[in-house]
2 protein chains.
Amino acid sequence: MAQETSAQETSEGLTVAAALTLKDIAREAGVSLATVDRVLHNRPGVRPDTVRRVQEAIARNSFQPHVAAAELARGRARRFAFVMPSGPNPFMQQIEAYLGEMSTWLSARRLNVEMIATDVFDPSVLAASLEALSDDYDGVAVVALDHPGVRAAINDLVEAGTKVVTLVSDVPSSRRHHYVGIDNIAAGRTAGALVGRLVGLRSGKVAIVAGSQGLRDHAERIFGFNQVMASEFPGLGVLPVLEGRDEDERTEQGLTRLFGRHADIVGLYNVGAGTQGVANALSGAGRDKQIVFVGHDVTVLTRRLLLQGVMDAAISQNPGHEARAAVRVLLALARGEPILHEQEKIRIDIVMRDNLP
Amino acid sequence: MAQETSAQETSEGLTVAAALTLKDIAREAGVSLATVDRVLHNRPGVRPDTVRRVQEAIARNSFQPHVAAAELARGRARRFAFVMPSGPNPFMQQIEAYLGEMSTWLSARRLNVEMIATDVFDPSVLAASLEALSDDYDGVAVVALDHPGVRAAINDLVEAGTKVVTLVSDVPSSRRHHYVGIDNIAAGRTAGALVGRLVGLRSGKVAIVAGSQGLRDHAERIFGFNQVMASEFPGLGVLPVLEGRDEDERTEQGLTRLFGRHADIVGLYNVGAGTQGVANALSGAGRDKQIVFVGHDVTVLTRRLLLQGVMDAAISQNPGHEARAAVRVLLALARGEPILHEQEKIRIDIVMRDNLP
DNA sequence: CTCAAAATGAGTTGCGTACCTCAAAACACC
DNA sequence: GGTGTTTTGAGGTACGCAACTCATTTTGAG
């Protein structure tokens, strides 16, 4: 490299230096501000030819409405609803807590977020809750059950102009604008790889505990888990799924029976909740340190179990990120801004003792 | 629960419903708009007693200036500089790519981000680059070397009112406003736990490859790694660190010699770059499938090695998240907004084949 | 009490857009 | 060529705040 080359070189900036305004576009296109405004918002009363001319001027200058100006001009605040499972659900509490932490951020942007607790496991109740929201909210985030009635309710909301994102649990066949959550098959695969790798050279059987195989996310995780076990760890026999309905007692009893019947269990995958029950069964059988135990989500309980070495890894989907991503996506949709997919994608976190967040 | 309880109940919203404005605060405090403005921006000429009254009114109503209005009113665009390592550094390319993906987001907010390539490993050059930025930029993100000269340059910038965040590599003793990056000791601990757990019941030695122990992040990772190995896997002997200067050839040669001397190596931790060299040495010795190999960062190469099973896990720090977090933090600092620490924290990602992003 | 300094009020302008009205121009149709 | 309709222009107001000027009031020192 030549000696006189400066040690510091600036690449050109990443954004246009000259910030054009609506007025500039109007001048460029040879029309008035009002017409540009009409084109920009798809309002009627502009000849197709004129529309084209304006759009070309916009594209030519890669014009972007100033977010702040647009936001200020529209005046009214936006309302978002979070439709979440009712009951003392730790997940809902976490989401709510994280939204609470955003409160200054939200109010500085004049955003109102409301939590709506409902029985998300009853399709008709959930659908009714959703139908009741139309017109009142600019955006809705919903922990959705995949059911025709729910799908219809979501589609109705979308039809009415409300922005809809599904949270944690998706309804892929609906017209929801976005899904904020993880790929549960990949999560199951990851769990399978972890159990298999951590078991190592030992041989034996692997147990699976799930809330219910009827839940889409649980079923998908089990599917992914079995996929990996079959293809990569054929030496480890997978026992039939134990359904514990996410309840501690039921899970503990079922597992204790299972441990009694099988002395050669070396790995355990807990797909849903009921973690305390799993831990009790493990310690009750005196096998909490020998059996590789992989579960989901970082809670107060799983955090403790990880630190104690009872649990070996948790597959986590960062509820804070999900809460913020849902809000950001709804806001971007409402503003007509592009979504930063890379940013809003929820990753499958592997959490072990030493990288506990 | 009583039968008439509705299935849907709305908790109160998370933000104040009535969006107060400066005018309301002025009325509340019994002062004029001008005085509120003076208090809000720490401008002189207000009696302490009045300041208190105004601040109380602000606090009582939890008033938040409307971000959009403030942004619009200040008029001029903001300029941020990213001071990054020069040379064909994949990390810099990734950061730049992710910033490029944000370009519409940035321009809609009238933000200008400029990349400044410099020799970050030469303290005096880096310090000079930083000094040259004063006054020109509202915020600076810098991949910083921890050196007295650099620290002074950072402090000068802060003194001049420029917001400064360190990126990837921190200068904790400086007055930088924020550090965007991971805890490298914890990253090293995580790597250690992974190597130890994945080795499983086998016994043998563990090798460490680093760029240089003089680099702060490398040294910290090694420290964390050794910590875990000593306390949790005392059966695995850790060999002295092999320094490969992040160069493929040097790394390959050194490792090949090491493999020759030690037939019982069961694990390998690559702290920095030179990954291709590691892979070559492993396959050259025919031990690519037996030795547990844990490294850092998800690149084209490590992705391939993970898929091939040569590499078992990568500790990653999501460059996209880092780029966006740096921008968001600089913007929040410039606006005087609070920082969402939970959001901006860079997590230590464990990436295995099945949760590759 | 006097006078300068400090504190405060009042007001203006501008930021870029949304949204509205009203009038003028262009157009289509017979 | 006249009619009615559609399209366009011109202009205004509002949004909430920043940043400034200038006049007025209050304060405190002597």
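Just so we're on the same page: letters track the sequence lines, and every chain starts at 1.
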Using side-chain hydrogen bond (donor to acceptor under 3.5 Å, both in side chains), reason through Gln343(A) and Arg324(A) one step at a time and then give a plain yes or no. CA-CA 11 Å; Gln343(A) 170 173 258; Arg324(A) 292 183 294 269; over 6 Å; no

Footprint string (nucleotides 7-24 of chain D, 5' to 3'): B base within contact, S backbone only, - free, heavy atoms under 4.0 Å: SBBB----BBBSB-----

Partner set under ring pair (Phe, Tyr, Trp, His ring centres under 6.0 Å) for His41(B), not counting sequence neighbours: none

With five pairs defining each end axis, the helix from dC1(C)-dG30(D) to dC30(C)-dG1(D) comes out bent, to 10°, by 10°

Acceptor/donor pairs from residues 155-163 of chain A side chains to any protein atom, 3.5 angstrom cut, sequence neighbours excluded:
| residue | atom | partner | partner atom | Å |
| --- | --- | --- | --- | --- |
| Asn155(A) | OD1 | Arg175(A) | N | 2.7 |
| Glu159(A) | OE1 | Arg175(A) | NH1 | 2.9 |

Contacts of type salt bridge (Lys or Arg N to Asp or Glu O under 4.0 Å), residue Arg151(A), not counting sequence neighbours: none

For Gln55(A) and Arg60(A), does a side-chain donor sit closer than 3.5 Å to a side-chain acceptor? no

Please report the distance, rounded to the nearest Å, between CZ in Arg27(A) and C1' in dG16(C). 14 Å

Suppose we call two aromatic rings close when their centres sit under 6.0 Å apart. Are His321(A) and His321(B) close by that rule? no

Looking at residues at least two apart in the chain, or sitting in another chain, which of them share a salt bridge (Lys or Arg N to Asp or Glu O under 4.0 Å) with Glu322(B)? none

Please determine whether a side-chain nitrogen of the Lys or Arg among Arg335(A) and Glu71(A) lies less than 4.0 Å from a carboxylate oxygen of the Asp or Glu. yes

